[in-house]
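What follows is one structure encoded as structure tokens, with my remarks underneath.
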Amino acid sequence: MSSSPKYYDLVMFPYPSGNLHMGHVRNYAIGDVLARYKRMQGFEVLHPIGWDSFGLPAENAAIKHKSHPAEWTQKCIERMTRQIKSLGISYDWDREVTTCKEDYYKWTQWLFLQFYNKGLAYKKAASVNFCPKCATVLANEQVKEDKCWRCDSLVEEKKLEQWFLKITDYADRLLKDIDKLSGWPENVKSMQRNWIGKSRGVRISFRLTAHSSRLSVYTTRPDTLFGVTYMVLAPEHPLAEGKTSGFTGKYAINPANNEEIPIWVSDYVLMEYGTGAVMAVPAHDQRDFEFAKKNNLPIKLVIKPFSSSHFPVSEMKEAFVDEGTMVNSAQFDGLPSSEGLKKIGDWLVEKGVGEWQTHFRLRDWLISRQRYWGAPIPIIYCDNCGTVPVADKDLPVILPRDIKFTGEGTSPLASSKSFSNVKCPNCGAAARRETDTMDTFICSSWYYLRYCDPKNSKQAFSKENADKYMPVDQYIGGVEHAILHLLYSRFFTKVLHDLDLVSCDEPFTNLLTQGMVIKDGAKMSKSKGNVVDPDDIIKKYGADTARLFILFASPPERELEWSDKGIEGAYRFLNRVKRLVSENVQRPTPNAQTISNFQIPITKKLHQTIKAVTEDIERFSFNTAIARMMELLNELNRVRVEVGSEVLDMFLLLLSPFAPFTTEELWKELGYKDSIHKQEWPKYDPKMIIESEIEIPVSVNGKRRDAIIVSADAKEDQIKELAQKSEKVQKFISGKQIRKIIYVPKKMVNIVIAG
């Protein structure tokens with residue numbers, strides 16, 4: 001084992017769609033700069049790549065072109081591999097993994113069985129989200145505003161037998177441990193907190209009129225109980241009795257005031273959230289407000305703004321959802337609503353009609369997919385033995401080739417008799433295999449662990465190798481994966497930790513979410529027709545130009561607007577670097593006096609640049625790092641004289657992670673035999689970055705009037721005196737009363753005068 005400290009640098013692995021665009025280049029270039037920089041600092045860097053290669057696009061391509069998805073996927077991988085290598089991305093290709101290959105999905109299936117044996121995988125009949133275009137079910141996380149996350153089609157609801165993973169068992173830990181993720185962006189942590197959605201509320205029991213049953217609802221707003229004017233059931237609720245919308249004819253009794261409340265049915269209430277029933281308070285919930293207005297239902301105000309004494313319901317344009325003063329709430333009138341919330345909740349508990357509960361918005365992860373191109377679920381069904389997991393020795397359950405691709409929504413695996421018809425491993429009777437495949441997010445929920453031990457044929461990964469590299473030190477990818485992939489990966493890691501397969505319980509220590517590349521006002525994508533092919537850029541300008549532009553044009557976390565002018569600018573910069581090296585290699589050695597005239601200021605500028613670029617890379621400010629190197633180049637070109645090999649060497653070393661091909665070529669031109677990428681990262685001399693003099697702006701009544709040059713160690717009194725003596729400043733303060741002089745150390749002087 002290496003004695004060097006480890007550094008696991010990982011970019012989210014790509015789906016092999018066949019072509020890279022500059023959005024991909026941005027992701028990979030960020031990771032590569034970091035990997036090269038850390039190697040030069042002496043770290044043992046793990047920087048792997050692989051392919052998230054199962055999924056719908058390959059299967060849809062097979063249906064369209066009458067080919068096999070394995071063949072289409074392999075061709076895509078070969079093309080993208082060539083493109084990535086042409087960009088000089090320094091991946092460890094010996095660790096390459098491909099999720100659609102048997103040596104990977106064998107262990108995906110094995111991990112599923114570990115979840116099953118732990119009671120975390122189960123099958124049940126459930127109302128599921130079904131995308132008619134993709135012809136498969138979707139997890140809740142894959143539905144965005146009632147549309148499919150992949151194709152944007154409206155999602156339908158179906159009742160199907162499906163496999164789930166019990167991510168809800170880990171909801172509390174997933175939520176609590178977000179606080180440990182100090183290296184993650186706050187917006188991503190907020191998105192995960194909101195999706196998990198922990199809430200504290202009261203489960204209230206409503207008596208029904210002319211009915212022996214009771215209706216339970218869960219609410220986080222018991223302070224609004226006196227304002228309930230109707231109830232709403234999900235269409236699947238037993239009391240809805242098959243009704244899909246409208247008034248049921250039934251009534252409930254409000255336990256707060258014994259009022260009769262009509263019970264309606266509407267699909268804006270979901271069966272899987274809470275109890276499948278809600279108490280509607282239209283004055284204080286926007287969805288309830290809109291439903292009440294549409295159906296001419298009463299609206300009753302029970303909380304008014306603190307600042308308002310007159311707040312008529314008839315003038316309400318929207319629900320009032322802020323904190324306020326309770327009204328129309330019997331003995332609770334006059335209380336702040338936050339206080340009333342707790343008091344009414346406790347009151348309901350005392351009356352025996354309420355119970356404080358903690359709920360989560362998060363629901364179990366639906367992983368069944370009715371498609372071919374995915375990892376088969378390793379389960380057998382036997383009439384005698386029931387549900388039988390496939391034995392470890394019989395893994396992998398291999399995808400068959402005798403498949404009919406129809407895209408009609410039934411699992412293609414069901415069409416293969418050789419696959420689906422098997423004997424029960426327990427009793428030998430005729431049995432059948434599960435014909436659904438797993439959601440591809442299963443594959444990407446553990447790939448970072450396989451990278452630690454990619455050639456292991458005995459285990460998914462050894463704990464020793466996983467613990468050597470995990471957790472990932474820096475993870476890089478798009479913010480669009482904040483809920484789906486990142487949440488699932490955290491869940492997987494915690495389960496594997498509990499199974500004693502890995503020591504860490506969080507997979508990614510630091511997370512960088514890079515912004516999208518925008519062209520013509522839209523995200524760069526094939527569907528938009530605005531893709532810039534990196535092959536075209538490389539052919540015309542070279543790979544280093546593509547890398548340099550994509551890193552210089554914008555901070556990585558922000559969107560990047562594509563610019564042809566920006567590409568030209570990066571190209572010119574690299575050519576100026578080449579000319580500088582060529583001129584200094586050919587120029588005769590100057591005399592000692594010439595060197596002494598320039599040595600100190602240039603060396604000082606060099607060491608300041610080393611410090612600044614190092615700090616910029618550490619905080620992913622690649623654009624400012626490049627800008628600082630451009631400034632240094634300008635200074636070197638201004639001097640136009642050989643100032644010693646140290647400056648040129650150090651400059652190329654700083655540039656090498658950003659422009660690996662150019663700097664390697666120039667390093668050889670300078671006469672070095674070893675690769676520039678095997679050299680140590682430059683270190684700055686603290687003595688050389690200290691300025692002997694500094695410039696301090698001087699303002700009068702807040703307006704800048706001059707700047708003074710002072711010794712870096714000048715005292716405050718000296719600086720204030722020099723500021724007042726400035727000729728430019730004297731024009732504004734002469735004959736005026738100076739009320740005070742404000743000095744911000746080494747930043748500014750402000751002279752405040754009367755009048």
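Small disclaimer: the values here were computed from a predicted structure and weren't measured.
- Residue S457 holds its OG atom at 9.5 Å from CG of D103, rounded to the nearest 0.5 Å.
- More than 12 heavy atoms of other residues, nucleotides or ligands sit less than 6.0 Å from atom CG of N187.
- With sequence neighbours excluded, no residue forms a ring-ring contact (aromatic ring centres under 6.0 Å, His included) with H481.
- W107 and N456 are not linked by any side-chain donor-acceptor pair at a separation below 3.5 angstrom, with hydrogens and angles left out of the test.
- Residue M279 holds its CE atom at 11.5 Å from CG of L215, rounded to the nearest 0.5 Å.
- Listed by chain and number, the residues in a ring-ring contact (aromatic ring centres under 6.0 Å, His included) with Y381 amount to none (sequence neighbours excluded).
- Of the possible donor and acceptor atoms, none in the side chain of Y122 sits under 3.5 Å from a partner among the backbone N and O of K166.
- A heavy-atom distance below 4.5 Å is not found between the side chains of S245 and S266.
- N510 has its side chain out of reach of L181: every pair of non-hydrogen atoms, C-beta onward, lies at least 4.5 Å apart.
- Counting only heavy atoms from C-beta outward, the side chains of I178 and L174 never approach each other to under 4.5 Å.
- Taking CD of E241 as the reference point, atom NZ of K250 lies at 3.5 Å (rounded to 0.5 Å).
- The ring-ring contact (aromatic ring centres under 6.0 Å, His included) contacts involving residues 454-474 comprise nothing, where partners must be two or more places apart or lie in separate chains.
- The nearest pair of heavy atoms linking R432 to D383 is NH1-OD1, 4.0 Å.
- For T244 and D267, the side-chain atoms include no donor-acceptor pair closer than 3.5 Å.
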Next on the checklist: Walk me through whether I367 and I442 qualify under side chain to side chain contact (heavy atoms under 4.5 Å, CB included).
Outcome noted: CA-CA 8 Å; I367 66 164; I442 297 285; 3.8 Å; yes

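- The nearest pair of heavy atoms linking T99 to S53 is OG1-N, 2.8 Å.
- Under the salt bridge (charged side-chain N to carboxylate O under 4.0 Å, His left out) criterion, R221 pairs with D223, sequence neighbours left out.
- Between K147 and V155, the closest heavy-atom pair is C-CG2, 3.7 Å.
- Side-chain contact between R450 and K455 is absent, with no heavy-atom pair separated by less than 4.5 Å.
- A donor-acceptor pair shorter than 3.5 Å cannot be found between the side chains of W184 and T509.
- L20 approaches Q83 most closely through the heavy-atom pair N-OE1, 2.9 Å.
- Legend: residues meeting salt bridge (charged side-chain N to carboxylate O under 4.0 Å, His left out) with R203, ordered by chain and number and at least two apart, are absent.
- Between H24 and Y28, the ring-plane angle classifies as parallel under the 30° and 60° cut-offs.
- A salt bridge links D498 with R173: at least one charged nitrogen is closer than 4.0 Å to a carboxylate oxygen.
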Checklist entry - Can you check side chain to side chain contact (heavy atoms under 4.5 Å, CB included) on N194 and M191, steps first, answer last? => result CA-CA 5 Å; N194 292 338; M191 291 165 75; 5.8 Å; no

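- Shown are Y451, Y91, W93; of these, the ring-ring contact (aromatic ring centres under 6.0 Å, His included) with H47 is made only by Y91.
- For E102, the side chain to side chain contact (heavy atoms under 4.5 Å, CB included) criterion is met by Y105, P396, I398, not counting sequence neighbours.
- Using a 4.5 Å heavy-atom threshold, the side chains of P185 and L511 count as touching.
- Looking at R369 and D436, no side-chain N of the basic residue comes within less than 4.0 Å of a carboxylate O on the acidic one, giving no salt bridge.
- Checked by atom type, the side-chain pair Q192/R490 shows a donor-acceptor distance below 3.5 Å.
- Within the model, atoms OG of S416 and CZ of R401 stand 12.5 Å from one another, a figure rounded to the nearest 0.5 Å.
- Under the ring-ring contact (aromatic ring centres under 6.0 Å, His included) criterion, F419 pairs with no residue at all, not counting sequence neighbours.
- Enclosure of atom CG in D146 is not indicated, since only 12 or fewer non-hydrogen atoms of other residues, nucleotides or ligands lie within 6.0 angstrom.
- Minimum heavy-atom separation, V269 to A277: CG1-N, 4.1 Å.
- The ring-ring contact (aromatic ring centres under 6.0 Å, His included) test applied to F112 returns W163, not counting sequence neighbours.
- Note that OG of S445 and CZ of F491 are 9.0 Å apart. Values are rounded to the nearest 0.5 Å.
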Show me the donor-acceptor pairs, under 3.5 Å and distance only, between side chains in residues 470-479 and residues at least two apart or in other chains.
residue: D473; atom: OD2; partner: K6; partner atom: NZ; Å: 2.7
residue: D473; atom: OD2; partner: Y8; partner atom: N; Å: 2.7
residue: Y475; atom: OH; partner: Y447; partner atom: OH; Å: 2.6
residue: Y475; atom: OH; partner: H485; partner atom: NE2; Å: 2.6

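- Considering only heavy atoms from C-beta on, L120 stays 4.5 Å or farther from L165 through its side chain.
- Using a 4.5 Å heavy-atom threshold, the side chains of D364 and K124 count as separate.
- Under the 3.5 Å distance criterion, with hydrogens and angles disregarded, a donor-acceptor pair is assigned to the side chains of S205 and R214.
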Next on the checklist: Walk me through whether W264 and F291 qualify under ring pair (Phe, Tyr, Trp, His ring centres under 6.0 Å).
Outcome noted: CA-CA 11 Å; W264 287 64; F291 188 87; 5.7 Å; yes

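- Aromatic ring orientation, F115 versus F492: tilted (interplanar angle from 30° to 60°).
- Taking all atoms of both residues into account, the shortest heavy-atom contact from D402 to P400 is OD1-CB, 3.4 Å.
- For residues 180-192, the set of pairs meeting the salt bridge (Lys or Arg N to Asp or Glu O under 4.0 Å) definition, not counting sequence neighbours, comprises D177-K180, K180-D505, E186-K189.
- Residues I77 and E96 form a side-chain contact, since some pair of their non-hydrogen atoms from C-beta on lies under 4.5 Å apart.
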Checklist entry - Could you go step by step and tell me if T108 and W446 meet the side chain to side chain donor-acceptor pair (under 3.5 Å) rule? => result CA-CA 8 Å; T108 301; W446 72 279; 3.2 Å; yes

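- D152 is linked by a salt bridge (charged side-chain N to carboxylate O under 4.0 Å, His left out) to nothing, counting only residues two or more places apart in sequence or in another chain.
- In summary, the aromatic rings of W51 and Y15 are positioned with their centroids too far apart to meet the 6.0 Å limit.
- Residue pairs meeting the salt bridge (Lys or Arg N to Asp or Glu O under 4.0 Å) criterion with at least one member in residues 104-123, sequence neighbours excluded: K123-E434.
- Side chains of S199 and T220: no donor on one and acceptor on the other come within 3.5 Å.
- The distance from the CZ atom of F360 to the CG atom of L362 is 8.5 Å, given to the nearest 0.5 Å.
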Item to check | Steps toward side chain to side chain contact (heavy atoms under 4.5 Å, CB included) verdict (T493, F508) | outcome: CA-CA 10 Å; T493 303; F508 314 123; over 6 Å; no

